[in-house]
**Q** 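This structure is in structure tokens; I'll ask about it shortly.
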Amino acid sequence: MTEKIKFMLLDSSYEVVGREPIIILWGIDESGRRVVLLDRRFRPYFYVLPKKDASVEHIASRIRALSKPKSPIIDVSIVDRKYFGRPRKVVKVTTVLPEAVREYREEVKKIDGVEEVLEADIRFAMRYLIDKHLYPFRWYEVEVESRGRQAGYRVEEVYNVVSDPQPAPEHKLPDMRILAFDIEVYNRSGSPRPEKDPIIIIAVKNDRGEEHTFVADDGKNDRKVLIEFIDYVREYDPDIIVGYNSNKFDWPYIIDRAHHLGLRVDVTRRVGAEPTTSVHGHVSIPGRLNVDLYDYAEEMHEIKVKTLEEVAEYLGVMKKSERVLIPWWEIPDYWDDPKKRPLLVRYALDDVRSTYGLAEKILPFAIQLSYITGIPLDQVGAMGVGFRLEWYLKRAAYDMGELIPNRVERPGESYRGAIVLEPLKGVHENVAVLDFSSMYPNIMIKYNVGPDTLVRVGESYKPDEVYVAPEVGHKFRKHPPGFFKRVLEELLSVRKKIREEMKKYPPDSPEYRLLDERQKAVKVLANATYGYMGWPAARWYCRECAEAVTAWGRQLIRMAIDYAKKLGLRVIYGDTDSLFVTYDEEKIRKLIEFVEKELGFEIKIDKVYKRVFFTEAKKRYAGLLADGRIDIVGFEAVRGDWCELAKDVQSKIVEIVLKTGDTEKAIEYVQKVIRELKEGKIPVEKLVIWKTLSKKLSEYSVEAAHVVAAKRMLEKGFKVSVGDKIGYVIVKGSGKLSQRAYPYFMVKPNQLDVDYYIDHQIIPAALRILSYFGITERRLKGVAVTRKSLFDFLRPSSR
DNA sequence: GCCACGACGGTACCT
DNA sequence: ACAGGTACCGTCGTGGCG
């Protein structure tokens, strides 16, 4: 007996039972029950593209002959698809077992006349979602047969899918159970090792506001901790589990430690299953969405040191001043001291509260990213922007009958990018910053840029039927609309619709916020398309396309600059799609009109600086806005590889100079800081320099400071890996600077080389701004000269 | 052998 | 693990000089 149910999709997976693959859809139904839908009707397949002169039928029959009874090919048929926009006859090969796709793929490749095997690398569970148009966090109606509760699945009801799920009208997200967790490990030296270092605390917090800490006994016996935690997860039964760096630390550690103690990490919704680590280092928990919030922190470029405390502070989740802070190397001391141990427990609690708070800030966007791209939530965060876009493109290709190109290894070919103008150095008053709106996406749409519309060498074309890119001469057919043009138009129109829908709700309503996150997710994809085309690993890679886009971009901004100058606007600076011009409303209006009417693009005033300062360097400036806010762009103050003290000093100088013009005050300030530094009044934290380890230690050809510091960590038993940020300080002594670099936690304050910080951090950062005003290193170090004010330096080039 | 200097490696930023 | 353009630091090799 069949019935219809509505459900919201959480995730998909598959299993092979009795030599038959079963798609498993995890979801939540209308009444909030967790359900599983099993679909036994779907089979894996791939395509075979014959060479142009080969016989499709012949290839098809050769493929049929490959079928082996144990794992048969069940269908070989000739179908019409498109490959880079051109209609092609291809062979669709269907098997029973997903693993069989890999085996047959290799054999089919060897057949004469086969150009390529396509779509043989799409995972079965994702193949189902693509083909059935299913997206996480969207609602569907589906005809099913109930199988009641099933012992193997920890859900309220299991159904067999009878016919394909159909989209149901959108309604709000159901209440989902969310669990944040965080572990603390006891170890006295180096990085913790699961085979010996116990997990002394696991802290959890859920969406009901409940908090728990599972704490080891005095003997640091953590068996109980793990058992209680595992039971808690099963008991609370979360849909989403969040952690901070949990994919790389907490989960692997829990799994290794539990196995070492002979325990199973029985936290999934599939009886008998355990969390598994995928190739990309992401941990998968069947039936639940495991989200590592660190992945999202990595994308927040404003935050330089991405510890949980820093990110929580930045996002307004928890102030560092209002929580327990314990340096990680003191954790064992806190544990061993009975008086301090409660503080350590409190610290773990503050960590998990921060983690949960981060989830509240980040998950709404992450969920919409999953909703738009169709990538399950537990994977979407671990992916780079390129892969997120690529999944969106794969779905678009399927919907258009386009074959998904293979990923091929190819060398990167560089090409010219954007224009950056030489800034007019000095202080300028009343400057408007104009920005082209979505310049590259709009170029791609206007000129129909893409790998399928590109006229390649040897191909014929009629001159009036193509767009020709300036300088580089690449040609793109005007018709029909290409793959990227169609995708981008869709993205832009979807975003427009979302933004219109948003107007129906007050800005503080949940509906508004949800839609706002959604439109942001769409924007990310649109903005990534140009870079994607120039990415050698992209399936739809097209260097000529990317090259043409930047060429058109250069032409565009040149024409805007020329017109601005013709109008009598001073062009102070410009980079790629932005122009800094004197704030003359009437002339700017004319410029905007010109760009819209004559060039066919949109340009807008992004901001107006009351005062803005440039040195001779490109990509570096500081501006004062009408409301008193200050933008610092490019300078040391916004770079993560300068010590906090130098950055603070530079920020302060910029503020003094832009707001008061009093350079003397700035000098006095620098001198004061130098005095404090010499007197040892500056805490070590403000002197730590953080640099990313971008490759393996052995691969470095020069002894850079952070590399030396990382080697010292390694010697002490710490794991250092690619991507880690190494925090180091410079100590007194002789020899190369790099040899005097030590991890900050290995150094006592009196060992610090104060002179290094003065000469190589404070003074350079200060002079970057102040040398334009004629101030020298000697003055900063205390030699008096005549007083000048900012206003002697205004509008330098106009006498 | 020492020093000045430029090339280069390396990192992080901007749009 | 989306692109190219750019600034700037410290190391390292090189050539000139003694």
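Reminder, nothing fancy here: chain letters follow the sequence lines and each chain counts from 1.
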**Q** Measuring to OP1 and OP2 of B:dT11, would you say a side-chain N or O of A:Tyr700 lies under 4.0 angstrom away?
**A** yes
**Q** Figure out the CZ/C1' separation between A:Phe484 and C:dC2, and round it to whole Å.
**A** 11 Å
**Q** Tabulate below the donor-acceptor pairs under 3.5 Å that side-chain atoms of residues 414-423 of chain A make, not counting sequence neighbours, or state none.
**A**
residue: A:Tyr415; atom: OH; partner: A:Tyr530; partner atom: OH; Å: 2.9
residue: A:Arg416; atom: NH1; partner: A:Glu471; partner atom: OE1; Å: 2.7

**Q** Looking at B:dT11, I'd like to know if its phosphate oxygens (OP1 or OP2) sit under 4.0 Å from a side-chain N or O belonging to A:His706.
**A** yes
**Q** Looking at B:dG10, B:dA12, B:dC13, which one has an atom nearest to any side-chain atom of A:Ser694?
**A**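 Closest nucleotide to the A:Ser694 side chain: B:dG10.
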**Q** Distance only, no hydrogens: is a donor on one side chain within 3.5 Å (strictly under) of an acceptor on the other, for A:Trp251 and A:Asn290?
**A** yes
**Q** In this structure, are over 12 heavy atoms from other groups packed under 6.0 Å from A:Arg486 atom CZ?
**A** no
**Q** Ring of A:Tyr135, cation from A:Arg395 - is the NZ or CZ under 6.0 Å from the centre and inside 45° of the axis?
**A** yes
**Q** Rounded to the Å, how far apart are A:Tyr621 OH and B:dC13 P?
**A** 15 Å
**Q** At under 4.0 Å between heavy atoms, how does the protein contact nucleotides 3-15 of chain C? Give one character per nucleotide, 5' to 3', with B, S or -.
**A** SBBSSSSSSS---
**Q** Near DNA chain C, which residues from residues 388-398 of chain A have a heavy atom under 4.0 Å away?
**A**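 Listed by number, there are none.
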**Q** Counting just side-chain N and O atoms, does A:Lys695 come under 4.0 Å of either OP1 or OP2 of B:dG9?
**A** no
**Q** Are the ring centres of A:Phe601 and A:Phe594 closer than 6.0 Å?
**A** no
**Q** Can you sort out the partners of A:Glu602 under side-chain hydrogen bond (donor to acceptor under 3.5 Å, both in side chains), two or more places apart, ordered by chain and number?
**A** A:Ser437
**Q** Looking only at the aromatic ring of each residue, does the gap between the centers of A:Phe84 and A:Phe483 stay below 6.0 angstrom?
**A**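 Aromatic pair excluded; centres sit 6.0 Å or further apart.
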**Q** Under 3.5 Å, side-chain donor or acceptor atoms of residues 384-391 of chain A against the rest of the protein: list the pairs with distances, not counting sequence neighbours.
**A**
residue: A:Arg388; atom: NE; partner: A:Val380; partner atom: O; Å: 2.9
residue: A:Arg388; atom: NE; partner: A:Met383; partner atom: O; Å: 3.3
residue: A:Arg388; atom: NH1; partner: A:Glu299; partner atom: OE1; Å: 3.3
residue: A:Arg388; atom: NH1; partner: A:Glu299; partner atom: OE2; Å: 3.4
residue: A:Arg388; atom: NH2; partner: A:Glu299; partner atom: OE2; Å: 2.6
residue: A:Arg388; atom: NH2; partner: A:Val380; partner atom: O; Å: 3.2
residue: A:Arg388; atom: NH2; partner: A:Gly381; partner atom: O; Å: 3.4
residue: A:Arg388; atom: NH2; partner: A:Met383; partner atom: O; Å: 3.2
residue: A:Glu390; atom: OE1; partner: A:Tyr532; partner atom: OH; Å: 2.2
residue: A:Glu390; atom: OE1; partner: A:Arg539; partner atom: N; Å: 3.0
residue: A:Glu390; atom: OE2; partner: A:Arg407; partner atom: NH2; Å: 2.2
residue: A:Glu390; atom: OE2; partner: A:Arg539; partner atom: NE; Å: 3.2

**Q** In terms of side-chain heavy atoms of A:Phe387, which of B:dG10, B:dC14, C:dC2 is nearest?
**A**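 The answer is C:dC2, which lies nearest to the side chain.
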**Q** With sugar-phosphate meaning primed atoms plus P, OP1 and OP2, does A:Val638 contact a base, only sugar-phosphate, or nothing at under 4.0 Å between heavy atoms?
**A** sugar-phosphate
**Q** State which residues pass side-chain contact (heavy atoms from CB on, under 4.5 Å) with A:Lys647; sequence neighbours excluded, sorted by chain then number.
**A** A:Lys304, A:Trp642, A:Glu644
